[in-house]
Every structure is written in structure tokens, then in C-alpha cells.
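So the structure is just underneath, and the comments pick up after that.
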Protein chains: 2
Amino acid sequence: MATDTLSLTFSALADPTRRAILARLADGEATVTELAEPFEISLPAISRHLKVLETSGLISRGRSAQWRTSRLEPAPLAEVNAYLETYRRFLGSSFDRLAEHLRRVQEESGHPLDDTHGDRTADTTRTTTPTRTTDTDEDER
Amino acid sequence: MATDTLSLTFSALADPTRRAILARLADGEATVTELAEPFEISLPAISRHLKVLETSGLISRGRSAQWRTSRLEPAPLAEVNAYLETYRRFLGSSFDRLAEHLRRVQEESGHPLDDTHGDRTADTTRTTTPTRTTDTDEDER
DNA sequence: CAGTTAATTAACGTTCTGGTTAAATAATAG
DNA sequence: CTATTATTTAACCAGAACGTTAATTAACTG
């Protein structure tokens with residue numbers, strides 16, 4: 001695996017379980033067992049997810065008696081945001097309009113922060129680039 | 001690998017080579033050989049990176065004679081942006097201040113879009129959460 | 001058609017991921 | 001000290017990721 005911060009952050013975010021954990025942590029700190037509760041996987045598995053999140057800096061951890069608490073940390077998310085900034089300027093309006101639309105869709109269907117994101121949020125893909133230049137946009141094979 | 005869009009996008013973005021390819025594509029469409037030029041890895045490897053990017057929707061591909069062109073697509077990045085929105089609201093000011101700072105730092109050092117992001121952008125991590133609650137913030141072991 | 005250029009697919013090896021169960025560690029409670 | 005609760009580490013496994021080289025496909029060129 002690449003070892004730079006962005007790569008670590010993106011690959012940490014690439015797992016639905018870990019994203020769900022982060023969503024949970026947005027509601028406040030929690031212990032390992034609490035975080036594990038919604039999932040069917042074993043505690044050691046959760047423990048390792050937490051280690052991945054910690055390594056990427058997305059969470060920090062503390063101890064209260066025999067409990068290890070996890071807390072959401074803003075820095076890596078802010079860095080992702082900064083990364084997007086580049087493309088936000090480049091892609092211009094379509095970017096923000098799409099994001100705005102996706103945000104609204106996301107809000108409609110249930111609690112905004114309690115997702116595992118198993119959906120497709122279709123109907124937005126490839127409907128926003130009217131500036132054709134060279135190609136034919138077909139798929140290979 | 002998880003098959004939902006966000007997971008696909010995040011894991012596509014988790015690779016520095018792929019991010020560099022996207023950065024290159026922000027300057028306009030390019031062929032496979034052109035995209036491969038800055039890297040030391042083989043052409044088949046690049047070809048597969050492109051397939052990953054295509055699968056996640058981050059790029060679309062067309063054909064011009066024997067050349068396959070790749071083009072940056074905004075939708076997945078917009079979706080990432082929408083994902084962050086959730087936390088942007090939650091994390092409040094620190095989020096944007098951090099992002100703003102990171103953006104500035106990023107701008108200073110060279111061409112904004114031509115990065116492989118091998119740096120650490122230190123000095124921002126964990127300096128922004130004054131709201132302690134329970135724990136001691138020590139590391140384990 | 002034969003040859004060249006561009007890109008992909010096939011086959012293969014190594015390393016990383018994400019899960020499991022069993023054992024070990026940490027801290028509290030009796 | 002012993003037991004209990006919370007969490008991590010160890011050992012293991014299956015599958016995915018990412019690289020390689022060799023072979024194949026696609027499209028143009030003479």
C-alpha cells in the first residue's frame with residue numbers, strides 16, 4: 001500500500017464498514033464494543049478497522065478504564081476536501097451542481113449520517129458533460 | 001472489494017499513480033501512451049489503472065483511430081464532495097480552516113494539479129480539536 | 001496482405017486486505 | 001490473588017490488488 005497521507009485516507013474511506021464507523025463517531029465518541037454493535041463481523045475485525053482509521057489519522061483514540069474510546073479527527077477529511085478543491089475549480093459548475101444534487105438525494109433517504117452507502121445514486125452519472133471533443137464514448141470489447 | 005460507488009471511487013483514489021493520472025487529465029484528454037509517459041511502470045499496468053478509473057466512473061474513454069482517449073468525469077468527485085458535506089457541517093469551522101490551509105500549502109509548492117502527493121503536510125494534524133471530553137489521547141502499546 | 005503502432009488480455013507471482021478463531025493483554029471488581 | 005470485562009495480538013486463510021512479461025487484438029499504413 002502507498003504510505004502517503006492521502007492514499008492512507010482514501011483507502012481507509014474505501015471500506016463501507018469504516019465509513020459507517022466514522023458516521024457513528026460523528027455522533028460522539030464511542031467504545032469498540034459500541035462501534036461493533038451494528039455489525040455482524042467479529043470484534044477483532046472491528047479492532048483492525050479502527051487501527052486502519054487511526055493510522056490514517058481519521059480517528060484518535062483514548063482510554064477510559066478498560067474502554068478504548070475513538071474520536072473523529074477532522075484533518076484527513078479536510079485534506080480530502082483540499083484535494084477536491086483542485087478539481088472543483090477545474091470542473092467548475094457541474095461539480096458543485098452535482099454535489100448539491102447528490103447531497104439533497106442523500107438527505108431525502110433517511111438519517112444523513114447513518115449510512116453504509118450500498119446504493120448507486122444513479123441518474124447523475126455522465127449527464128453533465130456536454131462538451132464533447134474527440135471521441136465516441138463507446139465501451140470496448 | 002465493496003461494489004458501491006463511493007467505495008469504488010475511494011479505492012480508485014487511494015493509488016498515487018491513479019491520482020497523478022487524474023491530475024494529468026485535468027489538463028485535457030490523453031492517450032494511454034501519453035498517460036504512461038511519466039511513470040516507470042509497464043503499459044499493461046497503466047492500462048489496468050485506467051480500467052480501475054473507468055470502472056469507478058472517474059474517467060470515460062473513447063477511441064480515435066488506434067488511440068484510446070481518457071477524459072476526466074466529474075460525477076464521482078462530486079459524490080465524494082457530497083460525502084464530505086456531511087462532515088463539513090458536523091466538523092464545522094475547523095474543517096474549512098484546515099482545508100483552506102492545506103489548499104494554500106498545496107498551492108505554494110509547485111503546479112497545483114501535478115502531484116503524486118507523496119508528502120505529509122504535517123503540522124496540521126491534531127492541532128485543531130480543543131473540545132476534549134473523556135479520554136487521555138495517548139497511544140497504546 | 002504484411003507490417004507497424006497502440007492498447008489490452010492472459011498467465012503468473014507477491015503483497016495487501018479483511019475475515020476467522022484462539023490466545024494474550026489491560027484494567028476493574030471482588 | 002482470582003475472576004470478569006474490554007480489547008488487542010497471533011496465526012491462519014481466501015481473495016483482491018498490483019506488478020511483471022508474453023501473447024493477442026484493433027486500427028492504420030504501405
Side-chain angles (χ1 to χ4, degrees), chain A residues 1-4 7-21 25 29-56 58-71 116 134-136 138-141, chain B residues 1-4 7-21 25 29-56 58-71 116 134-136 138-141:
Chain A
M1 191 225 290
T3 48
D4 63 280
S7 296
L8 283 176
T9 302
F10 280 132
S11 80
L13 291 172
D15 186 283
T17 302
R18 287 194 289 264
R19 287 200 305 278
I21 288 174
L25 289 176
E29 298 192 357
T31 67
V32 178
T33 326
E34 283 166 1
L35 291 171
E37 197 272 322
F39 306 103
E40 298 210 318
I41 64 180
S42 68
L43 218 44
I46 297 290
S47 192
R48 288 224 302 224
H49 279 305
L50 291 175
K51 172 147 287 181
V52 172
L53 290 170
E54 186 183 18
T55 300
S56 74
L58 280 160
I59 66 170
S60 62
R61 317 191 63 188
R63 203 190 295 277
S64 275
Q66 70 253 233
W67 296 276
R68 305 282 328 252
T69 55
S70 299
R71 177 176 47 209
T116 316
T134 324
D135 61 357
T136 41
E138 244 91 79
D139 278 329
E140 80 278 276
R141 180 143 277 212
Chain B
M1 190 225 288
T3 49
D4 63 280
S7 297
L8 283 177
T9 302
F10 280 132
S11 80
L13 291 172
D15 185 283
T17 302
R18 287 195 288 264
R19 288 201 304 280
I21 288 174
L25 288 177
E29 300 193 356
T31 67
V32 178
T33 326
E34 283 166 1
L35 290 172
E37 197 273 320
F39 305 103
E40 297 209 319
I41 64 181
S42 68
L43 216 46
I46 296 291
S47 193
R48 289 225 301 230
H49 279 306
L50 291 174
K51 173 148 285 179
V52 171
L53 291 169
E54 185 182 19
T55 300
S56 74
L58 281 160
I59 66 170
S60 61
R61 317 192 64 190
R63 202 191 294 276
S64 276
Q66 70 252 232
W67 295 277
R68 306 281 329 252
T69 56
S70 297
R71 177 174 47 209
T116 317
T134 326
D135 61 357
T136 41
E138 245 89 83
D139 280 331
E140 79 279 275
R141 184 146 276 222

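All chains are named by letter (A, B, ...) in the order of the sequence lines, taking the proteins before the strands, and each is independently numbered beginning at 1.
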With a 4.5 Å heavy-atom cut-off, do [X] and [Y] have their side chains touching?
X: B/Ser70; Y: B/Leu53; value: no
X: B/Arg19; Y: A/Asp4; value: yes
X: A/Phe39; Y: A/Ile21; value: yes

- Item | Touch class at under 4.0 angstrom, heavy-atom based, for B/Thr31 against every strand present | sugar-phosphate
When the distance from [atom1] of [X] to [atom2] of [N] is rounded to whole Å, what number comes out?
X: A/Gln66; N: D/dA3; atom1: CD; atom2: P; result: 18 Å
X: A/Arg18; N: C/dC16; atom1: CZ; atom2: P; result: 15 Å
X: B/Lys51; N: D/dG19; atom1: NZ; atom2: P; result: 16 Å
X: A/Leu35; N: D/dA6; atom1: CG; atom2: C1'; result: 13 Å
X: B/Leu43; N: C/dT4; atom1: CG; atom2: C1'; result: 15 Å
X: A/His49; N: C/dG18; atom1: NE2; atom2: C1'; result: 6 Å
X: B/Ile41; N: C/dT8; atom1: CD1; atom2: P; result: 13 Å
X: A/Leu8; N: C/dC16; atom1: CG; atom2: P; result: 13 Å

- Minimum heavy-atom distance A/Leu8-A/Thr3, with the two atoms named: CD1-O, 3.6 Å
- Query: If every non-hydrogen atom of B/Leu43 is compared with every non-hydrogen atom of B/Ala36, which pair is closest and at what distance?
  - Reply: CD1-CB, 3.4 Å
- Message: Closest-nucleotide mapping onto DNA chain C: is A/Ala45 or A/Trp67 further toward the 5' terminus? I mean the 5' end.
- Response: A/Ala45
- Task: Let me know, please, whether B/Arg48 or B/Glu34 comes out on the 5' side of the other along DNA chain C by nearest nucleotide.
- Result: B/Glu34
- Side-chain atoms of A/Thr17 come closest, of C/dG19, D/dT8, C/dA27, to C/dG19
- Query: Does a nitrogen or oxygen in the side chain of B/Ser42 sit under 4.0 Å from OP1 or OP2 of D/dG19?
  - Reply: no
- Query: Counting only side-chain N and O atoms of B/Arg68, is one of them less than 4.0 Å from OP1 or OP2 of D/dA26?
  - Reply: no
